[in-house]
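Please read the structure below before turning to the comments.
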Amino acid sequence: MKILDRYILITFLRTFFSVFIIFMFIFILQGVWLYIAELAGKDLDVVVTAKFILYYMPKLIPLVVPLTILLSSIMVFGNFAENYEFAAMKSTGISLQRAMRSLSVFIVALGIASFFFANNVIPWGEYNFYNLRRNIAKVKPALAIAEGQFNEIGDINIKVDRKYGDRGQFLEGVIIHQKSDSRTGNYTVIVSEKGELKSSPDSNILQLELINGNYYEEIVNKDARKNVNKPHVKSYFDNYIFNVDLEILNTDDLDQKNHSDRYNMLNVSQLNKTIDSLENKRATDYQDLSKTLYNRSTYSTLNSKNLNTNKDTVKVDSIFKGKNILDLYSNNQKIQILNLAINSSNSTRQILDSNKKNLEKKDILLNKHIIALQDKFVLAFACIILFFVGAPLGALIRKGGLGLPMVVAIVLFLTYHFFGIFSKNSAEKGSFSPIIGAWLSTGVMLPLSIYLTTRATNDKGVFQFDAITVPLKRLFSSKNKLQLSESDTKTYNYYKRYSVEELIAVIKKQDDFDLDKKPKEIALHNLLGRKIPLEDLKTQGLDIDDKLIKARVLLKDYKDYSKTSLVSYCVGALLFGLHFILKNNKFLETADAVFNLSIIAFIFFAIYVVVHAFVYSKFYKTINQKRKRINPLLLLLSLPVYPIKYIYLRNKISQDFYLSCVQNIK
């Protein structure tokens, strides 16, 4: 390995492992926070908690590794470009592809390792994590009660709307289905407004006290004729004590592993086998359904023995050419046929409705297995593709460190991740192929990687929008501060050839002899257009008040803050509109997340509006024009049309600064 390859690889590895550890730590903290309600106050020892975190870590790799590769490549290559190391490489004839060669080999090896990790380690982690959580729930029954869903504890199924208290012992909206040893099914239902879990560490009895509820029990008699009226018992209670024997549950071992049939616990070979079984079972289910529908259609009852055509109406072997085929039969036969048709259609509709959700769940399960299989391959290719996005992008933006690279990496990764979430959710529900759903996010990044690598190789910018940006710059830039006639324009263009010293001489000459001020204004306008610091002009002989120097600093600050306000406003408005679009398309969770982001953007907007309003007032105070301060009421009223206000005030404050310079610079 050559010295250059070794240097680039070591630099990248140092950054890669540092970023990986940071991101892994952040995501582990997020995971602990996610499950803190299940871990806090449950008297779990350190070993169990350590196992919980250890088994949780592998599932973070598909998130952490691609993000780490993207950020590390942007940081390393951005740092090379910022420190002119790429310029030194190119001067010796080393291209970007040559500089990326050693890293490309490492990334390909990392992608292959990621596949084996996803195929072996992640299923192991999911398998142990799921079983550990399940066993913790058995040993600690309070853990087993999750809000909004039925939870099995002993011989009861319990559902609560809300769980609170320091140990989650207080319950609201309790529904209990009690099992029976003599028969199967939910024949006893207990509903209460509130409840409380009471137990002691030394007791094998979990006591559940219910408050203000009803007790329902369906009575099933051995004599089937007495069940026609569906007798049941209903009672009301103010306080009801319910005991659950935990002796059997507490014999469970935290290391016991009984469940291994979930799709995220399987490797490639197991997934292929399971997918094949699910596809065969689905085909069998559809065949059974078709047979059931045919048998329930009562078509077999419509035979020549039961329904004979009217011989006088048509010959048996002839083709019927009438408008209504029922005319072939008698009135009694018509009634029989219509009744059979109505009963058959009703029966078919009921069968289809009852099988629809069941078949949809099986299709979703099959799609999840297919997506889980494809994700193992996607992770390997994502590592490679995101590297070829980050490396050339870092060379193009020419910024290292954790500032701009962090922002760019997070934006790109969020785009990649959101595409993956949307496509997988849609693919699970059968909107399109689950294979496409798994590969869509990586497929979106592939053209971007090719484009950026090509641009970086040819030393071009990320984008070339001159045809669009130049007219926009002209539209949003400040108008000419000096109205020039045709002769004055010639003078202005003539002064462009003057040096700074010559322009200063023109300005001072006009002051000395008190002649026409037009040449002075033209020369000063030309001088300010060169963006020379006022401090430098002052040292070269011009009489410039310190207030003007301070005002120019405030003017720059105002433009920066107002531009930040405009960006925040636009981001917030776009996210707010996207919220309604997602909400209308039934993406409720994503719509809520986008709405929260829009609120954050508007908060930043409000903060920067206040800041630039303060700077605006301070600017006019500095140039002795206090009456032009921003009115707070007008500021609030103009917020909805802030982009228009931004253009107007930006031009106005620039022109006022120019006029102040014309009046005070001598």
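Predicted model only: the values in this text are computed from it and were never measured.
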When you compare the side chain of [Y] with that of [X], does any pair of heavy atoms fall below 4.5 Å?
X    : Y    : result
K163 : F170 : no
F413 : L63  : yes
W124 : Y55  : yes
P392 : T453 : yes
V444 : Y416 : no
V160 : E172 : no
C383 : V65  : yes
L448 : M445 : yes

Listed partners of I384 passing side chain to side chain contact (heavy atoms under 4.5 Å, CB included), at least two apart: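 Side chain to side chain contact (heavy atoms under 4.5 Å, CB included) check on I384 returns I107, V108, F388.
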
Side chain to side chain contact (heavy atoms under 4.5 Å, CB included) against N425, all qualifying residues, sequence neighbours excluded: I421, E428

Report the residues that fulfil ring-ring contact (aromatic ring centres under 6.0 Å, His included) with [X], sequence neighbours left out, ordered by chain and then residue number.
X    : answer
F377 : F115
F595 : H579
F576 : F580

Just how far is it from atom [atom1] of [X] to atom [atom2] of [Y], taken to the nearest 0.5 Å?
X    : Y    : atom1 : atom2 : value
N367 : S426 : CG    : OG    : 11.5 Å
I8   : L13  : CD1   : CG    : 12.0 Å
K376 : F117 : NZ    : CZ    : 11.0 Å
I371 : L366 : CD1   : CG    : 10.0 Å
L554 : Y616 : CG    : OH    : 13.0 Å
I69  : S114 : CD1   : OG    : 6.0 Å

Check against side-chain contact (heavy atoms from CB on, under 4.5 Å), F106 and F12: CA-CA 10 Å; F106 169 74; F12 181 84; 3.8 Å; yes

For [X], enumerate each residue passing the side-chain hydrogen bond (donor to acceptor under 3.5 Å, both in side chains) test, keeping only those at least two apart in sequence or located in another chain.
X    : value
D375 : K424
Q374 : W439
E360 : none
K556 : D560

Criterion side-chain contact (heavy atoms from CB on, under 4.5 Å) on S441 and F422, from CA distance to verdict: CA-CA 9 Å; S441 57; F422 291 147; over 6 Å; no

Where is the tightest heavy-atom contact between [X] and [Y], given as atom of each residue plus distance?
X    : Y    : result
D557 : V615 : CB-CG1, 4.2 Å
L452 : V389 : CD1-O, 3.5 Å
G390 : S73  : CA-OG, 3.2 Å
G572 : F602 : C-CZ, 3.4 Å
P58  : I122 : O-CG1, 3.5 Å
L379 : P66  : CD1-CG, 4.0 Å

Mutual orientation of the aromatic rings belonging to Y561 and Y608 [parallel < 30°, tilted 30-60°, perpendicular > 60°]: tilted

Counterpart residues, salt bridge (Lys or Arg N to Asp or Glu O under 4.0 Å), relative to K362 (two or more places apart):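 Listed in chain order: D285.
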
Partners passing salt bridge (Lys or Arg N to Asp or Glu O under 4.0 Å) against K159 (at least two apart in sequence or in another chain):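 Scan of K159 (salt bridge (Lys or Arg N to Asp or Glu O under 4.0 Å), adjacent residues dropped) gives D161.
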
Greater than 12 external heavy atoms within 6.0 Å of K550's NZ: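 For K550, atom NZ is not crowded (no more than 12 foreign heavy atoms under 6.0 Å).
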
Looking only at atom types and distance, does a side-chain atom of [X] sit under 3.5 Å from a main-chain N or O of [Y], one as donor and one as acceptor?
X    : Y    : answer
S598 : L575 : no
S617 : F614 : no
K583 : A591 : no

Step-by-step side-chain contact (heavy atoms from CB on, under 4.5 Å) determination, Y646 to S565: CA-CA 9 Å; Y646 166 80; S565 300; over 6 Å; no

Could you list the donor-acceptor pairs under 3.5 angstrom formed between side-chain atoms of residues 16-31 and any protein atom two or more places apart in sequence or on another chain?
unit_1: S18; atom_1: OG; unit_2: R14; atom_2: O; d: 2.8

F77/L396 under side-chain contact (heavy atoms from CB on, under 4.5 Å): CA gap, chis, key distance, verdict: CA-CA 9 Å; F77 283 82; L396 291 171; over 6 Å; no

